[in-house]
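I am attaching a structure below and will ask some questions about it afterwards.
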Amino acid sequence: MGGVSSKTDESGLVACEEQALAITRDDVINALSTVKVDRGGTSLPGSGRLSQVVVDPTNRVMFSILIDPSEAERFETVRREAEGRVLAMPGVSGVFASLTSERGPNAPPPQAPQQSGPGPGTPLPPPRTGAALPGVKHIVAVASGKGGVGKSTTACNLALALHAQGLAVGMLDADIYGPSMPKLLGISGKPRVIEGKVLEPMQGYGLKVMSIGFLIEAESAMIWRGPMVQSAITQMLRDVAWGDLDILIVDMPPGTGDAQLTMAQATPLSGAVIVSTPQDLALIDARRGVTMFKKVSVPILGVVENMATFICPNCGHASDIFGHGGARAEAARLEVPFLGEVPLTMAIRETSDAGRPVVATDPEGPQARIYRDIAQKLWANLSGAPAGRAAPRIVIE
Ligand SMILES: Nc1ncnc2c1ncn2[C@@H]1O[C@H](COP(=O)(O)OP(=O)(O)O)[C@@H](O)[C@H]1O
Ligand SMILES: [Mg+2]
């Protein structure tokens with residue numbers, strides 16, 4: 001539901017005020033009906049192009065406008081006007097409006113460059129289309145072929161390890177369907193809106209962090225349609241005051257489907273890290289991940305094997321529950337760098353789930369050392385890999 005859920009404040013005052021300012025979806029649609037999409041005067045809501053309008057409990061409004069990629073330029077004007085109208089509504093605290101396009105069977109992916117040419121079956125055009133992010137030196141995706149392999153845990157601890165090297169690090173949680181950075185980094189609350197629609201990133205253990213988890217309630221994430229996912233990520237990338245960063249780590253949605261491919265292509269990535277467990281099945285998925293990034297010419301900075309060896313919390317004995325070394329062998333086969341192995345430990349599981357990531361809370365411990373090592377290799381590979389080039393073979397020490 002739109003509007004503010006009526007919280008009972010002890011004084012009753014705050015609740016009343018909130019109530020008075022509550023914005024409903026209908027209010028937004030009303031405001032948008034003054035926005036015309038063509039010369040004939042068709043209104044935006046009447047055009048069938050308006051997505052579901054979402055109003056969060058802090059009166060932030062989110063919607064998208066469905067377009068054909070060829071209409072992008074014209075509709076950018078409409079988008080801005082729509083955003084302005086909503087922002088002018090009394091009580092609205094922020095707007096998150098985007099252009100999205102459905103992908104027809106033969107249509108180029110949304111945001112692909114307009115090229116006369118690639119028919120179905122033709123390989124995707126190699127250049128990545130996203131413009132660089134001013135002030136951000138490198139954007140690195142952490143990806144996995146499937147969920148549950150520890151991608152978010154690895155992304156979070158790698159980001160912290162890079163920060164421990166003295167780098168300015170941002171963390172973008174692009175896993176729209178399962179955002180986990182608020183929990184992993186123990187951050188709650190909502191980001192502040194600076195100037196209309198630019199959001200201030202949240203802070204956690206020295207990282208600048210943005211996640212859809214800060215913006216919408218878990219349940220409303222369900223209504224986001226495919227094309228909105230890409231546009232939400234693009235906006236978290238572009239409408240957040242990241243400032244100067246050495247590296248922005250992106251926790252990608254798991255999998256290697258169209259959505260991930262489009263995103264890999266639309267984000268100006270310097271490279272990608274693939275996280276895998278050592279089982280055969282996970283490795284097959286990891287291979288798909290490598291192939292996906294190669295397709296869009298994103299260099300693979302390396303593969304991380306997660307949950308390989310189980311370290312017993314009582315006696316410290318190591319056992320290879322899922323096998324061991326599979327990811328290293330796979331990396332060699334695929335001719336991509338291998339960054340390291342993270343064992344399955346109680347410390348990592350407990351600290352992750354408690355919002356106290358191990359690299360930040362036990363920086364001198366054995367786990368932190370492993371992540372720091374991986375981070376160092378990653379950074380070395382990155383520095384030698386200007387965006388758009390293949391990563392060089394890794395040479396450490
Ligand atoms: N190396 C590890 N040792 C112990 N537990 C881990 C490790 N890596 C991840 N986990 C745990 O596994 C679960 C899934 O990890 P998560 O990072 O959320 O995976 P993904 O993002 O791939 O879905 C979490 O409960 C997390 O704490
Ligand atoms: Mg995750």
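None of the values given here were measured: they were computed from a predicted structure.
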* **side-chain contact (heavy atoms from CB on, under 4.5 Å) assessment of Asn306 paired with Ser276** => CA-CA 6 Å; Asn306 190 36; Ser276 181; over 6 Å; no
* **CZ on Phe63 to CG on Leu50, rounded to 0.5 Å** => 6.5 Å
* Path from Val209 to Ile233 over hydrophobic side-chain contacts below 4.5 Å -> yes
* **Closest heavy-atom pair and its distance - Met89, Ala31** => SD-CB, 3.6 Å
* To do: Indicate yes or no: does Glu341 engage Arg328 in a salt bridge with an N to O separation below 4.0 Å.
  => yes
* To do: Check Ile348 against Pro343 and note the closest heavy-atom contact, atom names and distance.
  =>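 Heavy-atom minimum between the residues: CD1-O, 3.7 Å.
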* Do the side chain of Asp362 and the main chain of Val358 share a donor and acceptor less than 3.5 angstrom apart? -> no
* To do: Please round to the nearest 0.5 Å and tell me the distance separating atom CZ of Arg60 and atom CG of Leu215.
  => 5.5 Å
* Asked: Would you say the side-chain atoms of Arg25 pair up with the backbone N or O of Val53, donor to acceptor, closer than 3.5 Å?
  ->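 Pair found, side chain donor or acceptor close to backbone of Val53.
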* Is any side-chain heavy atom of Ser64 less than 4.5 Å from a side-chain heavy atom of Gln235? -> no
* Does any N or O in the side chain of Arg288 come within less than 3.5 Å of the main-chain N or O of Gly255, such that one atom is a donor and the other an acceptor? ->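 No, Arg288 side chain to Gly255 backbone: no donor-acceptor pair under 3.5 Å.
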* Common cluster, Ile247/Phe293, ILVMFWY with side-chain heavy-atom separation under 4.5 Å ->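 Ile247 and Phe293: one cluster.
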* Asked: Between Asp246 and Val169, is any pair of side-chain heavy atoms under 4.5 Å apart?
  ->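 A side-chain contact under 4.5 Å is absent here.
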* Under 4.0 Å between a Lys/Arg side-chain N and an Asp/Glu carboxylate O for Asp175 and Lys151? -> yes
* Step-by-step side-chain contact (heavy atoms from CB on, under 4.5 Å) determination, Lys183 to Asp353 -> CA-CA 7 Å; Lys183 183 174 168 212; Asp353 294 350; 4.2 Å; yes
* Salt-bridge contact Lys190-Glu200 (side-chain N to carboxylate O under 4.0 Å) -> no
* Quick one: closest heavy-atom pair of Leu87 and Val92, and the distance? => CA-CG1, 4.3 Å
* Side-chain contact test, heavy atoms from C-beta onward, threshold under 4.5 Å: evaluate it for Leu207 versus His163 and give yes or no. => yes
* **Test salt bridge (Lys or Arg N to Asp or Glu O under 4.0 Å) applied to Glu71 and Arg49, step by step** => CA-CA 12 Å; Glu71 303 170 311; Arg49 292 171 178 269; 3.0 Å; yes
* To do: Output the distance between atom CG (Leu261) and atom OG1 (Thr256), rounded to the nearest 0.5 Å.
  => 9.0 Å
* Side-chain contact, heavy-atom cut-off 4.5 Å: Thr42 with Lys36? -> no
* For residues Phe310 and Thr345, determine if any side-chain heavy atom of one lies less than 4.5 Å from a side-chain heavy atom of the other. => no
* To do: State, to 0.1 Å, how close Val86 and Val28 come at their nearest heavy-atom pair, and which atoms those are.
  => CG2-CG1, 4.0 Å
* Asked: Do the side chain of Trp242 and the main chain of Leu237 share a donor and acceptor less than 3.5 angstrom apart?
  -> yes
* To do: Kindly indicate whether the side chain of Leu199, heavy atoms from C-beta on, has any atom under 4.5 Å from the side chain of Phe214.
  => no
* How far apart are the C-alpha atoms of Thr267 and Thr234, what are their side-chain angles, what is the distance that settles it, and do they pass the side-chain contact (heavy atoms from CB on, under 4.5 Å) test? -> CA-CA 7 Å; Thr267 310; Thr234 307; over 6 Å; no
* Asked: What do you reckon, is CZ of Arg356 surrounded by more than 12 foreign heavy atoms closer than 6.0 Å?
  ->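 Atom CZ in Arg356 is not crowded, with 12 or fewer foreign heavy atoms closer than 6.0 Å.
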* **Cluster overlap Met236 with Leu245, hydrophobic side-chain contacts below 4.5 Å** => yes
* To do: Mind checking the CG-CZ spacing from Leu378 to Arg372? Nearest 0.5 Å is all I need.
  =>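 It comes to 15.0 Å.
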* Check ion pair Arg369-Asp373 (N to O, under 4.0 angstrom) ->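 A salt bridge is absent here (no side-chain N lies under 4.0 Å from a carboxylate O).
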* Examine distances only and state if a side-chain atom of Asn157 and a backbone atom of Tyr371 form a donor-acceptor pair shorter than 3.5 Å. =>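 Checked: no pair found.
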* **Worked check of side-chain contact (heavy atoms from CB on, under 4.5 Å) between Val140 and Leu382** => CA-CA 9 Å; Val140 171; Leu382 197 55; 3.8 Å; yes
* 4.5 Å side-chain heavy-atom contact, Val304 and Ile374 -> yes
* Under a 4.0 Å N-O cut-off, is there an ion pair linking Glu330 with Arg333? -> yes
* Nearest-0.5 Å distance that lies between atom CG in Leu162 and atom CE in Met171 ->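 Answer rounded to 0.5 Å: 10.5 Å.
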* Asked: From Leu344 CG over to Thr277 OG1, what is the distance, rounded to the nearest 0.5 angstrom?
  -> 10.5 Å
* Might you point out which heavy atoms bring Val298 and Ala272 nearest each other, and give the distance in Å? => CG1-N, 3.9 Å
* Asked: Taking Glu350 for the side chain and Ala347 for the main chain, is one N or O donor matched with an acceptor at less than 3.5 Å?
  -> no
* Asked: Are the side chain of Ser93 and the backbone N or O of Asn59 linked by a donor-acceptor pair below 3.5 Å?
  ->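 Yes, because the side chain of Ser93 sits within donor-acceptor range (under 3.5 Å) of the backbone of Asn59.
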* To do: Indicate yes or no for a side-chain donor-acceptor contact from Asp173 to the backbone of Ser180 under 3.5 Å, with no hydrogens or angles considered.
  => yes
* Asked: Is Ile65 close to Leu44 at the side-chain level, that is, under 4.5 Å between some pair of heavy atoms?
  ->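 SC-SC contact between Leu44 and Ile65 confirmed.
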* Asked: Short question: side chain of Asn381, backbone of Leu301 - any donor-acceptor pair under 3.5 Å?
  -> yes
* Of the non-hydrogen atoms in Ser33 and Ser43, which two are nearest, and what is the gap between them? -> O-CB, 3.4 Å
* Check: Asp27 side chain, Thr24 main-chain N or O, donor-acceptor pair, under 3.5 Å -> yes
* Are Ile311 and Val149 connected in the hydrophobic side-chain network, where two residues link if heavy atoms are under 4.5 Å apart? ->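 Not linked; separate clusters.
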